[in-house]
Amino acid sequence: MATSQVTWVCPHGAATPPLHGTASSSSSLKQDEELQKSTQATTVQVQGDYENLSSVVGDVLADSHQEHKDTEKAETAVATNVNVTEFNTSMKRLNDAIEELLSQVIGEEKVQQQFHEDVASKLDRLELGAFRQQLEEHGMRILGQLQEKAPQPGAEEAAGIKE
């Protein structure tokens, strides 16, 4: 009987210890070789499938990471848009409040201007009466002084005679 040694290669490339056995016939040896070839082919296929799967998982993880980044960017953009919208709304309310205050200030200025005009008009009328009276009194004094200093109608003729 013949002794055969079979070396098994695992998917990671490490060799397994040889199998010791006695083959009873050449058909048994042939079956062992076919089984070994089949197992090796299956192992190679599994290794290829593992590499493909690993590549696909890597791609999926990269895509997932990129989608996560894109989602964060979109959420930031939405948050920014909401902030701009809130800002615009707040600015409109502020502008409306300023316009209302400005309108009230302008209305208050008009009221104050009218009040000053009314008071000035009344003061003018009251002061004019007193001023008129002062003018009349002053005018009477001046007339009185002029009459005192004015030459008498006969004095001019008399002065003319002296000459």
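In this text, all values refer to a predicted model and were calculated from it rather than measured experimentally.
- Val56 and Val46 fall into different hydrophobic clusters, where Ile, Leu, Val, Met, Phe, Trp and Tyr side chains are chained together by heavy-atom contacts under 4.5 Å.
- Atom NZ of Lys37 and atom OG1 of Thr42 lie 14.0 Å apart (nearest 0.5 Å).
- Side chain to side chain, His68 and Glu72 meet the donor-acceptor criterion of an N or O pair below 3.5 Å.
- Looking at Asp32 and Gln36, their side chains never bring a donor and an acceptor atom within 3.5 Å of each other.
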| task | Determine, step by step, whether Glu117 and Gln113 satisfy the side-chain contact (heavy atoms from CB on, under 4.5 Å) criterion, reporting the C-alpha distance in whole Å, the side-chain angles of both residues, the deciding distance to 0.1 Å, and the verdict. | result | CA-CA 6 Å; Glu117 288 174 3; Gln113 184 179 2; 3.6 Å; yes
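- Of the residues listed (Val57, Leu53, Asp59), the one engaging Ser55 in a side chain to side chain contact (heavy atoms under 4.5 Å, CB included) is Asp59, and it is the only one.
- Under the 3.5 Å distance criterion, the side-chain polar atoms of Thr71 are matched with a main-chain donor or acceptor of Glu67.
- The line from OG of Ser64 to NZ of Lys69 is 12.0 Å long, rounded to the nearest 0.5 Å.
- Distance CD1/Ile98 to CZ/Arg93: 13.0 Å, rounded to 0.5 Å.
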Requested in this report: Under the side-chain contact (heavy atoms from CB on, under 4.5 Å) rule, what do Gln104 and Leu101 come out as? Steps first, then yes or no, please.
Outcome: CA-CA 5 Å; Gln104 289 175 358; Leu101 285 173; 3.8 Å; yes
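- In this structure, Ser38 contributes its side chain and Glu34 its backbone to no donor-acceptor pair below 3.5 Å.
- Under a hydrophobic clustering in which Ile, Leu, Val, Met, Phe, Trp and Tyr are joined whenever their side-chain heavy atoms come within less than 4.5 Å, directly or via other members, Leu135 and Met140 fall into different clusters.
- In this structure a side-chain-to-backbone donor-acceptor pair under 3.5 Å is missing from Ser103 to Glu99.
- Looking at Ser54, its side chain never comes within 3.5 Å of a backbone N or O of Tyr50 through a donor-acceptor pair.
- Taken from CD in Gln66 to NZ in Lys73, the straight-line distance is 6.5 Å, to the nearest 0.5 Å.
- Atom NE2 of His138 and atom CG of Leu143 lie 10.5 Å apart (nearest 0.5 Å).
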